[in-house]
Amino acid sequence: MTASAPAQVTGLTALPPRTVEFRGARGGQAALTWGQQGIWRSTQWLDDGDPYFNLAWTLPVTGAAGLDAVLRAVGRLVERHETLRTAFVRDGEGSGENGEGTEGSTVQRVSREGRLTVGVYEAAAKPMSAAKALAAELAATGFDYAAELPIRCAVVCQRGRPRALALALSHLALDGWSLNMVAAEWPRLVAGDDLPGPDWQPLDQAAFERSDPPPGGQALRHWRTGLASAPRSMFDFPAREPEEPRFVRHGMDSPAAAVAAEALAARHGVTTSSVLTVASAALLAAVTGHPTAALQLIVSNRHHPGMEAMAGPAAQDGLCVIDLEAGTFADALRRGHRRTMATYRNGHYDPGLVLAAWEAEAWDRGADIDLDAFFNDVRQAGRWQGLPQVDTGDAAALAALRGKTRTFFVGAYSKVKARIFFATGPAPSTCEFYVLVDTAFLPGDVAERMLTGLEELLVRALSEEVPLDQVAKVAGLDPVRRPAGWTVIGHDWVDLPESEALLRRVCGTDLAVVVVEGTGDDLGDGAAPRLTGYLVARPGLDTPEAVHAAVMRAAAGRTDVLAPHHYVLCAAPPADPTGWPACPRLIEGGGRAPSTAMTVLGR
């Protein structure tokens with residue numbers, strides 16, 4: 001970190017930086033924890049140096065503590081929490097103690113000792129405001145995860161006395177829960193209190209996750225069940241020309257939505273987190289034309305032993321599939337609450353095993369599974385505190401409260417790994433809510449309309465039963481329109497002409513068709529129609545397995561097509577284009593032999 005004041009931060013004078021030496025209780029190396037793996041995969045998806053996963057943060061310095069006391073507190077903070085001394089490197093790079101991990105994989109490497117450069121600045125006025133601006137500047141550059149500590153910091157003084165600590169932290173080091181832990185420790189560290197050392201660190205968590213038997217078996221079963229019942233994508237409709245930048249985020253501050261959510265939660269015996277989750281799912285399903293919604297919930301996992309006191313990322317994505325086909329919003333709340341709670345209970349799992357289950361379901365389903373629709377409740381313990389006292393049966397009082405609602409544009413981004421992202425904010429006395437959308441599928445203004453629609457849905461549900469098939473109308477949203485040729489096959493919307501065109505491109509000829517065959521009566525009780533692909537066999541495409549592998553490769557990343565459930569390979573085409581089912585058959589089958597699926601995909 002340089003000693004000069006950032007150009008964007010006015011009112012700061014740079015003083016000579018200081019060096020803080022630290023020596024922790026241990027160092028070591030281990031495989032990444034499951035929580036670290038989730039963040040790590042997301043960082044690899046971004047461009048090098050992208051600061052998206054950086055956290056800007058400030059801590060006040062109260063009392064009469066001098067600069068030396070603050071610097072000692074910084075050193076003790078780094079010594080206490082191994083996550084702040086951790087680099088993320090390819091196994092085999094450099095040297096380390098107690099090496100563990102798979103050869104060639106990324107590992108966490110904890111340095112036992114080292115040095116941290118701390119900037120020191122004098123603020124002309126408002127030191128906390130200056131520290132916040134400085135923290136944002138420190139966080140504006142991505143971390144070198146292999147060579148740099150995941151913490152940058154500077155002390156902001158006024159008239160020579162420290163007033164604030166500006167921090168930039170990697171999300172690989174800390175999450176929201178960890179930040180609250182550190183905030184509670186910070187004033188005691190500055191005061192020189194002798195705090196007991198943490199009992200559980202990411203190195204311990206990594207060892208636990210690789211114990212025998214490993215944890216997470218029930219969570220894996222939860223994922224498999226959810227994957228089988230979810231649409232392959234909530235965005236299986238034609239893409240549109242994206243806006244620039246492509247991803248747009250809007251926010252809302254609504255005391256009325258919070259009051260309504262609290263009242264609905266009490267009435268139906270559910271949590272406010274479930275109310276917001278189900279409302280988000282209902283809005284998404286109404287817009288995309290699905291009777292079932294699949295959301296990935298960000299699960300903190302802090303209810304597991306040890307993890308509640310660990311500084312470091314512990315959250316993982318949990319799959320929540322909510323039935324919205326029939327009934328009212330109140331019915332969906334009761335059903336959805338059970339699914340939401342099950343998701344939060346089953347959020348700790350081996351990502352590699354879930355990925356394998358994901359790929360196996362995609363292989364069997366006949367299309368990549370795109371579940372990039374998320375919900376994150378960041379409120380402390382999933383609750384609000386200090387909400388305004390309003391009689392929810394008083395329409396005038398609710399209307400007055402709604403007059404305080406504020407929506408605002410947050411920002412636009414060129415690259416985010418989400419089609420849609422619903423999230424709360426931490427505000428304790430209002431519903432702070434955010435929606436991000438991928439404008440390649442939904443117009444940017446849909447994000448703002450979903451916010452106001454959320455408030456309308458919750459407030460309306462206080463006084464009347466809202467049918468699920470009326471959610472779009474109540475919320476003021478326009479469902480997407482799919483062109484002719486699209487139809488529902490199982491859980492999925494499919495563009496049949498494009499699916500046939502894909503098979504023909506794979507075959508390199510027009511001698512192939514895709515036909516919808518069967519009804520529920522023909523195929524068995526509850527069975528759905530299936531797609532059958534008829535084609536002329538040729539070298540390299542002479543078995544159902546070879547054809548399915550080729551179709552899956554060609555369909556990668558698409559949300560409009562579906563591979564046939566069954567392949568019929570013929571010696572020659574029929575004279576009449578409608579005569580494929582009567583052609584002599586060389587070989588037929590689903591082409592989904594699990595022993596070859598991952599090999600032919602190169603996975």
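Only a predicted model underlies this, so the values are computations on that prediction, with no experimental measurement involved.
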- [ ] Determine whether C320 and Y344 make a side-chain contact, defined as any pair of heavy atoms from C-beta on separated by less than 4.5 Å.
- [x] no
Open item on the list: Looking at Q385, I want to see if its CD is surrounded by more than 12 non-hydrogen atoms of other residues, nucleotides or ligands under 6.0 Å.
Closed with: no
Task: Contact check, side chains of L77 and V182, non-hydrogen atoms, under 4.5 Å - done: yes
Task: R109 vs Q29, side chain to side chain donor-acceptor pair (under 3.5 Å): CA-CA, chis, key distance, verdict - done: CA-CA 4 Å; R109 181 170 297 159; Q29 178 175 299; 2.6 Å; yes
Open item on the list: To the nearest 0.5 Å, what is the distance between CG on L169 and CG on L149?
Closed with: 11.0 Å
Task: side chain to side chain contact (heavy atoms under 4.5 Å, CB included) assessment of E185 paired with R80 - done: CA-CA 10 Å; E185 293 176 354; R80 285 174 56 74; 2.9 Å; yes
Task: Sidechain-backbone polar pair: S178 side chain, A311 backbone, donor-acceptor under 3.5 Å - done: no
TODO: May I ask you to check whether Q205 and T33 show a side-chain donor-acceptor distance below 3.5 Å?
DONE: no
Task: Derivation and outcome, side chain to side chain donor-acceptor pair (under 3.5 Å), residues T272 and R379 - done: CA-CA 11 Å; T272 57; R379 296 173 299 157; 3.0 Å; yes
TODO: Look only at the side chain of T439 and the backbone of E243, and say whether a donor-acceptor pair between them is shorter than 3.5 Å.
DONE: yes
Open item on the list: On a heavy-atom basis, which atom in P127 and which in A164 lie closest, and how many Å separate them?
Closed with: O-CB, 4.3 Å
Task: Residues Y349, W223; criterion ring-ring contact (aromatic ring centres under 6.0 Å, His included); working and verdict - done: CA-CA 9 Å; Y349 53 83; W223 264 96; 5.6 Å; yes
Open item on the list: Could you tell me if the side chain of V446 sits less than 4.5 Å from the side chain of M450, heavy atoms only?
Closed with: yes
TODO: Given salt bridge (charged side-chain N to carboxylate O under 4.0 Å, His left out), test D445 with R449 step by step and report yes or no.
DONE: CA-CA 6 Å; D445 65 356; R449 286 192 282 139; 3.6 Å; yes
- [ ] Side-chain contact test, heavy atoms from C-beta onward, threshold under 4.5 Å: evaluate it for V259 versus L401 and give yes or no.
- [x] yes
Open item on the list: So does V118 get a backbone contact from the side chain of R18, meaning a donor-acceptor N/O pair under 3.5 Å?
Closed with: no
Open item on the list: Has E122 got a side-chain atom pairing as donor or acceptor with G160's backbone, closer than 3.5 angstrom?
Closed with: yes
Task: Geometric class of the H348/H304 ring pair [parallel <30°, tilted 30-60°, perpendicular >60°] - done: tilted
Task: Verdict with reasoning, T424 to C431, per side chain to side chain contact (heavy atoms under 4.5 Å, CB included) - done: CA-CA 7 Å; T424 66; C431 180; 6.0 Å; no
- [ ] For residues A314 and D175, report the shortest heavy-atom separation together with the two atoms involved.
- [x] N-OD2, 3.4 Å
- [ ] Specify the closest pair of heavy atoms between P60 and W186, including all atoms of both residues, with the distance to one decimal.
- [x] O-NE1, 3.0 Å
TODO: With side chain to side chain contact (heavy atoms under 4.5 Å, CB included) as the test, would you mind laying out the steps for V410 and F408 before giving the verdict?
DONE: CA-CA 6 Å; V410 177; F408 49 91; 3.8 Å; yes
Open item on the list: Would you compute the distance between atom CG of L458 and atom CD of E456 and round it to the nearest 0.5 angstrom?
Closed with: 9.5 Å
Open item on the list: Check whether E209 reaches the backbone of W34 with its side chain - one donor and one acceptor, N or O, closer than 3.5 Å.
Closed with: yes
TODO: Could you label the plane-to-plane angle of the Y413 and Y52 rings as parallel, tilted or perpendicular, counting under 30° as parallel and over 60° as perpendicular?
DONE: perpendicular
Task: Sub-4.5 Å side-chain heavy-atom contact between R419 and D372 - done: yes
Task: F422: which of N376, L295, T277, L297 passes side-chain contact (heavy atoms from CB on, under 4.5 Å) - done: L295
TODO: Taking atom NZ of K404 as the centre, report whether more than 12 heavy atoms of other residues, nucleotides or ligands fall under 6.0 Å from it.
DONE: no
Open item on the list: Tell me if a side-chain donor or acceptor on R85 pairs with a main-chain N or O of V78 at a distance below 3.5 Å.
Closed with: yes
Open item on the list: Keeping S274 on the side-chain end and V270 on the backbone end, is there a donor-acceptor pair under 3.5 Å?
Closed with: no
Open item on the list: For F375 and F433, take the angle between the two ring planes, folded into 0 to 90°, and tell me which bin it lands in: parallel under 30, tilted 30 to 60, perpendicular over 60.
Closed with: tilted
- [ ] Using atom types as modelled and distance alone, determine if a side-chain donor or acceptor of T392 lies under 3.5 Å from a backbone N or O of A263.
- [x] no
Task: Where E455 and A256 come nearest, the two heavy atoms and their spacing - done: OE2-CB, 4.0 Å
Task: R383 and T271: side chain donor to acceptor below 3.5 Å - done: no
Open item on the list: If we ignore hydrogens and angles and just use 3.5 Å, is the side chain of T430 paired with the main-chain N or O of E432 as donor and acceptor?
Closed with: no
TODO: Flag this pair as yes if the NZ/CZ of R76 is under 6.0 angstrom from the six-membered ring centre of F22 and inside a 45 degree cone about the axis; otherwise no.
DONE: no
- [ ] Determine whether the side chains of Q108 and T86 contain a donor N or O and an acceptor N or O closer than 3.5 Å.
- [x] no
TODO: Flag this pair as yes if the NZ/CZ of K132 is under 6.0 angstrom from the six-membered ring centre of W57 and inside a 45 degree cone about the axis; otherwise no.
DONE: no
Task: Other residues, nucleotides, ligands: >12 heavy atoms within 6.0 Å of R267 CZ - done: yes
TODO: Rounded to the nearest 0.5 Å, what's the gap from NE2 on H250 to CG on L451? Could you check?
DONE: 8.0 Å
Task: Donor-acceptor contact present, side-chain D204 to main-chain Q201, <3.5 Å - done: yes
- [ ] With the side chain counted from C-beta on, respond yes when L138 and N54 share a heavy-atom pair under 4.5 Å apart, and no when they do not.
- [x] no
- [ ] Answer yes or no: is there a side-chain heavy-atom contact under 4.5 Å between C157 and V120?
- [x] yes
Task: Heavy-atom pair with the smallest gap, counting every atom of A279 and L454 - done: CB-CD1, 3.4 Å
- [ ] Measure the shortest side-chain to side-chain distance between E113 and E21 over non-hydrogen atoms and say whether it is less than 4.5 angstrom.
- [x] no
Task: Pairwise distance CZ(F421) to CG(D438) - rounded to 0.5 angstrom - done: 14.0 Å
Task: Verdict with reasoning, R26 to E82, per salt bridge (charged side-chain N to carboxylate O under 4.0 Å, His left out) - done: CA-CA 8 Å; R26 67 174 176 178; E82 293 173 359; 2.5 Å; yes
Task: From CH2 (W40) to OG1 (T106), nearest 0.5 Å - done: 5.0 Å
Task: CE on M310 to CZ on R302, rounded to 0.5 Å - done: 5.0 Å
Task: Which atom of S429 lies closest to which atom of P388, heavy atoms considered - done: O-CD, 3.9 Å
- [ ] Answer yes or no for R249 and Y434: cation-pi contact, defined as NZ/CZ to six-membered ring centre under 6.0 Å and angle to ring axis within 45°.
- [x] yes
TODO: Quick one: do V155 and Y121 satisfy side chain to side chain contact (heavy atoms under 4.5 Å, CB included)? Show the steps, please.
DONE: CA-CA 6 Å; V155 180; Y121 298 92; over 6 Å; no
